[in-house]
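Worksheet for the structure shown next.
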Amino acid sequence: MEGGISRRRGYFILTAALLLAVVALLCFPRRHQPSASKTIALSEFDSLPQWEQQAEASQRSYRKTSSWKKPRSAAFSQQREYSSRPAAQAAPSKWVVDINHADSAELTRLYGIGPVLARRIVRFRSALGGFVSVNQIKEVYGFDTVYFPDLAPHVSVDTAAVQKIDINTATVGQLSRHPYLDSYQAKAIVKLRQRCGGFSTTSALLGVPIIDSQTYNNLVPYLICSLQPSK
């Protein structure tokens, strides 16, 4: 009987000792041993001059803090794309593009204008008969006006190249193709011309009820008034 108790006591003591050993291993602080590659990197870092150590330390700190990146907006991406262009194209000091003569390739030199927008500018220019103001760039579909202040200093407009419409001879089709007129306004102009026997001045278009002053002011640089046709 006493032998059995002694064996159970021995087992209990052994089990307790093993548990204490496991707890001691878990609670004892373990030192991190750097890998061989990291040890080499640290040794090389210690051999660098002081200014290089500071630069390397700041770079490592930047890599740690910049692991999460915020999503970038489309406007930011376009801005970065422009800033990555060659210096000669990014911010040249002395060059100007005449938007009445430039082709789409030349127009892409302008800030904020890519190939698609350049083609739209050319089509809009053709429909207008030419630009009479730099501000008309803002009317092109898809142009972001935030780029206009940087674009404007590099744009010129040769107004002599503008093609004008003779309101005494133009047909309804010719008038309605202009971006500043619709088919109803074009028909009204022709009807008024027929009724009065011809226009003596372009201001006569203000007599057309569906042409307001804003439309007239936009349109008048594209109009001429020839001698009145015979009745």
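If you're wondering where the values come from, they're calculated on a predicted model, not measured in any experiment.
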| When you look at L205 and I167, which way does the side chain to side chain contact (heavy atoms under 4.5 Å, CB included) test go after all the steps? | CA-CA 9 Å; L205 294 189; I167 58 174; 4.3 Å; yes

| field | Verdict with reasoning, H154 to L110, per side chain to side chain contact (heavy atoms under 4.5 Å, CB included) | value | CA-CA 7 Å; H154 300 289; L110 295 171; 4.1 Å; yes

| query | What's the verdict on side chain to side chain contact (heavy atoms under 4.5 Å, CB included) for T202 and Y216, showing C-alpha distance, side-chain angles and the deciding distance? | reply | CA-CA 9 Å; T202 57; Y216 175 77; 3.3 Å; yes

| field | Test log, rule side chain to side chain contact (heavy atoms under 4.5 Å, CB included), inputs L223 and K164 | value | CA-CA 5 Å; L223 303 178; K164 299 193 176 186; over 6 Å; no

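Judged purely by atom type and a 3.5 angstrom limit, N168 uses its side chain to pair as donor or acceptor with the backbone of S226. With hydrogens and angles disregarded, a donor-acceptor distance shorter than 3.5 Å links the side chain of Q136 to the backbone of S133. In this structure, R125 contributes its side chain and A102 its backbone to a donor-acceptor pair below 3.5 Å. A donor-acceptor pair under 3.5 Å is absent between the side-chain atoms of R120 and the main chain of V140, judged by distance alone. With hydrogens and angles ignored, the 3.5 Å screen pairs no side-chain donor or acceptor of N100 with any backbone N or O of V157.
Under the 4.5 Å side-chain heavy-atom criterion for ILVMFWY residues, no single connected hydrophobic cluster contains both I137 and V116. L206 is not connected to I224 by any chain of hydrophobic side-chain contacts under 4.5 Å among Ile, Leu, Val, Met, Phe, Trp and Tyr, and they are in different clusters.
Annotation: the span from T169 atom OG1 to R193 atom CZ amounts to 7.0 Å, rounded to 0.5 Å. Atom CG of D144 and atom OH of Y147 lie 5.5 Å apart (nearest 0.5 Å). Between the CZ atom of F148 and the CZ atom of F143 there is a distance of 7.0 Å, given to the nearest 0.5 Å. Distance CG/D182 to CD1/I210: 6.0 Å, rounded to 0.5 Å. Atom CD1 of I211 and atom CG of L181 lie 6.0 Å apart (nearest 0.5 Å). In this structure, the separation between OG on S156 and CZ on F131 is 12.0 Å, given to the nearest 0.5 Å.
Y222 has its ring centre less than 6.0 Å from the ring centre of H178.
Atom NZ of K191 sits in a sparse spot, with 12 or fewer heavy atoms from other residues, nucleotides or ligands closer than 6.0 Å.
Checked by atom type, the side-chain pair Q214/Y180 shows no donor-acceptor distance below 3.5 Å. Between the side chains of Y184 and S176, no donor-acceptor pair is found at a separation under 3.5 Å. Side-chain atoms of T215 and N218 include no donor-acceptor pair closer than 3.5 Å.
Here the side chains of L107 and V122 are in contact, with some heavy-atom distance below 4.5 Å. Taking 4.5 Å as the limit, some side-chain heavy atom of L175 sits within range of a side-chain heavy atom of I165. You'll find the side chain of C225 stays beyond 4.5 Å of the side chain of T201, heavy atoms only.
Here the closest heavy-atom approach between residue A204 and residue L192 is recorded as O-CD2, 3.8 Å. In this structure, A188 and V208 approach most closely via the heavy-atom pair CB-CG1, 3.5 Å. Contact detail for V162 and G130: the closest heavy-atom pair is CG2-C, 4.2 Å. The shortest non-hydrogen separation linking E106 to H101 is OE1-O, 4.3 Å. Across all their heavy atoms, I113 and A118 have their closest contact at CG2-N, 3.8 Å.
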